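For reference, the structure is listed below as structure tokens.
Please read these numbers as outputs of a predicted model, since none were measured by experiment. Note that these values count all heavy atoms, side chains included, but never hydrogens, waters or copies made by symmetry. Residue numbering restarts at 1 for every chain, and letters A, B, ... go by the order of the sequence lines.
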Number of protein chains: 2
Amino acid sequence: MADLSTPDPPSRSDRPGTRERILDSTAELFRRYGYTGTGLKQIVARANAPFGSIYHFFPGGKEQLGAEVIHRSGRMYEELLTAIVDAAPDLESGLWDCFLGAAAVLVETDYADACPIETVALEVASVNETLRLATAEVFAGWTRAAVARFTAAGVPAERAEDLALSVIALLEGAFVLARAAKDVQPLRAAGEAAVALLERARA
Amino acid sequence: MADLSTPDPPSRSDRPGTRERILDSTAELFRRYGYTGTGLKQIVARANAPFGSIYHFFPGGKEQLGAEVIHRSGRMYEELLTAIVDAAPDLESGLWDCFLGAAAVLVETDYADACPIETVALEVASVNETLRLATAEVFAGWTRAAVARFTAAGVPAERAEDLALSVIALLEGAFVLARAAKDVQPLRAAGEAAVALLERARA
DNA sequence: GTCTATACTTTGATAGAC
DNA sequence: GTCTATCAAAGTATAGAC
């Protein structure tokens, strides 16, 4: 059961503070409904926070909150995936576990919780340059992490980046197909394809 | 809501009618800004149509218009991709041409015009069951068309569907990465991976 | 810092004149 | 059928009491 919550309650209180709850709430809503589909009122309602707290903690409004959530969700998801990979006996099975785990989460949440920033990334790409850059940085970070694992596992350096991009594309694309069809077969197919591409790149 | 085919092009003029212009306008805006990000007023402004025409031609409002655009865009994109594939000397180069052509369009439009329904599919997946089903039908149609080409090219039937899902996932996932980074490298990497997967499935 | 009330804009949708 | 005016609701953002 992949736990995506509780990074570290910062300091003085042991209960998550208002700012933290707003970030959590926003992340969950963005993942399900996207950026434009999520209202600030909806966010504070779910966070059990007063409306004014949004502008108290995020003077830049929805855009600042969105940028922070994109970076935060991106970092947490990267940690989750790398933890799964590093816990596996080899890279192939680690990769497979990522796709399989993603499929399990989708089924558990009735195909609501896929990639935490994919929907937002597509929505803002041609609309908001600040947020577009935030999503680009997240994807670049994932790519770096994947390249490091691939090269460490014996993939030639000149092939590692293309392989990383292809594997991430397989995961993101499979999320789209799986959520639309409410079926995990795209994730199984994409996972198998990712493993095959890794084996090919090693040879 | 039974008739999805063009009901009655006002035959007296050969210029595209109001209904057609609304559909075109909506399709373009959906591709760039998504479903919730596109307003009805924005649609009629771009279509040079009066606001009331939307509800005259689409009594079901935004949802009916959205469903029709999803099916229409899905069909047109399928025809475009299959035309590219069928024009190529072999399936491998046809597949590669699809990814290369998609990259060219992205560059021409400053990374605005990628898949016409991907953003909408993610936005509506957990929100609107009617539209979710529309996107699922489009993806299922693309999968069928790809399976037909793959089996005709010698891919065993039991591998053809997983291969089709993986190739479509590669394309959709590469669109996300390319639009976020404003870079076509993900499309080149994914295209090469798609060709490799096809070669592997044939062997 | 917490919380409420409100301003202003935009949304999808409707009514009715022409 | 075309087009305009307008509605109620929801959106983001702000002001200010406590």
Side-chain angles (χ1 to χ4, degrees), chain A residues 9-26 29-30 32-70 119-120 123-124 127-128 130-131, chain B residues 1 6-27 29-30 32-70 119-120 123-124 127-131:
Chain A
S11 48
R12 59 168 203 282
S13 177
D14 44 353
R15 197 172 63 87
T18 301
R19 190 189 146 93
E20 202 81 9
R21 293 203 313 279
I22 289 176
L23 287 170
D24 287 338
S25 166
T26 306
L29 293 170
F30 276 6
R32 287 177 167 80
Y33 311 118
Y35 183 77
T36 51
T38 298
L40 297 183
K41 294 173 185 175
Q42 199 181 351
I43 290 172
V44 294
R46 189 188 180 95
N48 276 99
F51 186 81
S53 294
I54 287 193
Y55 288 89
H56 174 70
F57 291 110
F58 309 93
K62 194 182 187 183
E63 179 177 286
Q64 182 188 347
L65 173 58
E68 208 149 328
V69 165
I70 288 168
T119 308
V120 175
E123 285 181 282
V124 305
V127 174
N128 187 313
T130 301
L131 298 183
Chain B
M1 189 185 83
T6 51
D8 230 353
S11 49
R12 63 172 193 280
S13 177
D14 47 351
R15 198 173 61 86
T18 301
R19 188 188 146 93
E20 202 81 7
R21 292 202 314 278
I22 290 176
L23 287 170
D24 287 339
S25 165
T26 307
L29 293 169
F30 275 7
R32 286 176 168 80
Y33 311 118
Y35 183 78
T36 50
T38 298
L40 296 183
K41 293 172 184 174
Q42 201 181 350
I43 289 171
V44 294
R46 189 188 181 93
N48 277 100
F51 186 80
S53 294
I54 287 194
Y55 287 89
H56 174 71
F57 291 110
F58 308 94
K62 193 181 188 182
E63 180 178 285
Q64 182 188 347
L65 173 59
E68 210 150 327
V69 166
I70 289 168
T119 309
V120 175
E123 284 181 282
V124 305
V127 174
N128 187 313
E129 189 66 3
T130 300
L131 297 182

Please tabulate, one pair per line, each protein N/O and nucleotide N/O from nucleotides 10-14 of chain C that are separated by under 3.5 Å, including the distance.
residue: C/dG12; atom: OP1; partner: B/T38; partner atom: O; Å: 3.2
residue: C/dG12; atom: OP1; partner: B/K62; partner atom: NZ; Å: 2.7
residue: C/dG12; atom: OP2; partner: B/L40; partner atom: N; Å: 2.7
residue: C/dA13; atom: OP2; partner: B/Y55; partner atom: OH; Å: 2.6
residue: C/dA13; atom: OP2; partner: B/K62; partner atom: N; Å: 3.1
residue: C/dA13; atom: O5'; partner: B/Y55; partner atom: OH; Å: 2.8

Using residues 44-64 of chain A as the side-chain source, report each donor-acceptor pair under 3.5 Å to any protein atom, sequence neighbours left out, with the distance given to one decimal.
residue: A/R46; atom: NE; partner: A/E28; partner atom: OE1; Å: 2.9
residue: A/R46; atom: NH2; partner: A/E28; partner atom: OE1; Å: 2.4
residue: A/K62; atom: NZ; partner: A/Y35; partner atom: O; Å: 2.8
residue: A/K62; atom: NZ; partner: A/T38; partner atom: O; Å: 3.0
residue: A/E63; atom: OE1; partner: A/N128; partner atom: ND2; Å: 2.8
residue: A/Q64; atom: OE1; partner: A/G60; partner atom: N; Å: 2.6

query = How would you list, by chain and number, every residue that makes a side chain to side chain donor-acceptor pair (under 3.5 Å) with B/E129, sequence neighbours excluded?
reply = B/R132
inquiry  = From CD1 of A/I54 over to P of D/dT12, roughly how many Å is that when rounded to an integer?
reply    = 8 Å
ask   = Atom NE2 of A/H56 to atom P of C/dT4: distance rounded to whole Å?
value = 16 Å
query = Which atom pair, heavy atoms only, marks the closest approach of B/T26 to B/I22?
reply = OG1-O, 2.7 Å
request  = May I ask you to say what A/F57 touches in the nucleic acid, namely base, sugar-phosphate or nothing, with a heavy-atom cut-off under 4.0 Å?
outcome  = sugar-phosphate
task = Starting at atom CZ of B/R21, determine the distance to atom P of D/dG1, rounded to an integer number of angstrom.
result = 15 Å
ask   = Nearest-Å distance, CD (A/Q64) to P (D/dA13)?
value = 11 Å
d(CD1, A/I22; P, C/dC3) in whole Å = 11 Å
key: Phosphate OP1/OP2 of D/dC3 contacted by B/S53 side-chain N/O (<4.0 Å)   = no
inquiry  = What's the separation between atom CD1 in A/I70 and atom CZ in A/F30, rounded to the nearest 0.5 Å?
reply    = 7.0 Å
ask   = Does A/S25 reach the main-chain N or O of A/I43 with its side chain, forming a donor-acceptor pair under 3.5 Å?
value = yes
key: Validation row: B/E123, B/L131 side chains within 4.5 angstrom (heavy atoms)   = no
